[in-house]
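Before any comments, here is the structure.
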Amino acid sequence: MKHLGTCVIPSARKNVANGRRWLLGRLEPLLGATHSACDDSVLLLSETLTNAIVHGTGHLVEVDAYVDTANIRIEVTDEGGNTVPHHRDDPHGEHGRGLPILSMLAKSWGFEQLDDGRLRVWFEVPHTARPENREDGRAKAFEGAPTPPRPRDGTHDGTSLRANTSAHTGDR
């Protein structure tokens with residue numbers, strides 16, 4: 001996967017918009033402004049970034065974006081203090097819908113606690129490259145760095161959140 005960059009965001013709710021703009025600025029040149037994968041990726045970033053800011057500890061949150069010929073991968077890493085993403089199962093509540101939305105829209109998603117105590121939540125959104133980016137059956141804009149390693153636990157493949165998080169309860 002090609003690394004599109006890292007954005008370090010101060011941990012304040014008002015900065016979620018900055019993360020969305022940053023990601024859109026990376027994806028639009030590759031996929032086009034009207035590509036549904038851009039919209040889905042930005043929405044899911046908004047949800048995971050808000051979760052990291054509201055429920056994580058620390059003053060900064062990192063966002064990394066990767067892309068290859070078939071997927072967009074976004075990683076949101078907060079400064080830690082918790083071992084699992086915050087989840088509230090209240091479909092009629094004003095808050096608590098971020099991870100269910102993630103479960104519905106992402107091709108796969110997961111989380112891991114890093115050795116330094118930080119918590120990383122990642123998700124992947126499938127896409128199709130624009131025809132002008134293709135050369136000999138491969139998307140030339142997406143060649144680059146190898147795929148980042150997948151976490152061993154907390155991995156979800158787009159199936160029901162309830163089934164995948166039954167062992168992961170708590171306040172994140």
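Source: prediction; values computed, not measured. Side chains are part of it too, since the values below use all heavy atoms of this structure and drop only hydrogens, waters and symmetry mates.
Taken to the nearest 0.5 Å, the OG1 atom of T57 stands 9.5 Å off from the CG atom of L119. For the atom pair CZ (R20) and SG (C7), the distance works out to 12.5 Å, reported to the nearest 0.5 Å. One distance of note links OG1 of T48 with CH2 of W122; it measures 12.5 Å at 0.5 Å rounding. Note that CE of M1 and CG of D68 are 4.0 Å apart. Values are rounded to the nearest 0.5 Å. To the nearest 0.5 angstrom, L44 atom CG is 6.5 Å from D40 atom CG. Note that CD1 of I53 is 6.5 Å distant from CD1 of I9, once rounded to the nearest 0.5 Å.
For S11, the side-chain hydrogen bond (donor to acceptor under 3.5 Å, both in side chains) test picks out no residue, with sequence neighbours left out. The side-chain hydrogen bond (donor to acceptor under 3.5 Å, both in side chains) check on D39 picks up nothing, with sequence neighbours excluded. Residues satisfying the side-chain hydrogen bond (donor to acceptor under 3.5 Å, both in side chains) criterion with R26, sequence neighbours excluded, are absent altogether. Taking S41 as the reference, nothing meets the side-chain hydrogen bond (donor to acceptor under 3.5 Å, both in side chains) condition, with sequence neighbours excluded. When the side-chain contact (heavy atoms from CB on, under 4.5 Å) test is applied to P126, the partners found at least two apart in sequence or on another chain are N71, K107.
L31 is not listed as a side-chain neighbour of T128, based on a closest heavy-atom distance of 4.5 Å or more. Considering only heavy atoms from C-beta on, L30 comes within 4.5 Å of V67 through its side chain. Using a 4.5 Å cut-off on side-chain heavy atoms (C-beta onward), E47 and L43 make contact.
Scanning all heavy atoms of the two residues, the minimum distance from E79 to H59 falls at OE1-N, 2.8 Å. In terms of heavy atoms, C38 sits closest to E28 at SG-N, 4.2 Å. Taking all atoms of both residues into account, the shortest heavy-atom contact from A106 to F123 is CB-CB, 4.1 Å. Taking every heavy atom of both residues into account, G19 and L49 meet most closely at CA-CD2, 4.2 Å. Heavy-atom minimum distance, P10 versus N15: O-ND2, 3.0 Å.
Residues L105 and L45 are members of one and the same hydrophobic cluster, defined by side-chain heavy-atom contacts under 4.5 angstrom among Ile, Leu, Val, Met, Phe, Trp and Tyr. I101 and V16 fall within a single hydrophobic cluster, where Ile, Leu, Val, Met, Phe, Trp and Tyr are joined by side-chain heavy atoms under 4.5 Å apart, directly or via other members.
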Determine, step by step, whether V54 and R13 satisfy the side-chain contact (heavy atoms from CB on, under 4.5 Å) criterion, reporting the C-alpha distance in whole Å, the side-chain angles of both residues, the deciding distance to 0.1 Å, and the verdict. CA-CA 7 Å; V54 171; R13 286 184 190 210; 3.4 Å; yes
For the pair I74 and D64, evaluate side-chain contact (heavy atoms from CB on, under 4.5 Å) and give the outcome as yes or no after the intermediate values.
CA-CA 6 Å; I74 307 298; D64 284 283; over 6 Å; no
### Task
List the steps, then state whether side-chain contact (heavy atoms from CB on, under 4.5 Å) holds for W22 with V63.
CA-CA 9 Å; W22 174 83; V63 177; 3.7 Å; yes
task = Begin from the C-alpha positions of E62 and R118 and carry the test side-chain contact (heavy atoms from CB on, under 4.5 Å) through to its verdict.
result = CA-CA 10 Å; E62 289 181 20; R118 296 182 302 154; 3.4 Å; yes
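Using cut-offs of 30° and 60° on the angle between ring planes, the pair H127 and H35 is perpendicular.
Applying the 4.5 Å side-chain rule to ILVMFWY residues, one finds L60 in the same cluster as V8.
A salt bridge is defined here as a Lys NZ or Arg NE, NH1 or NH2 lying under 4.0 Å from an Asp or Glu carboxylate O, and E112 with R120 meets this definition.
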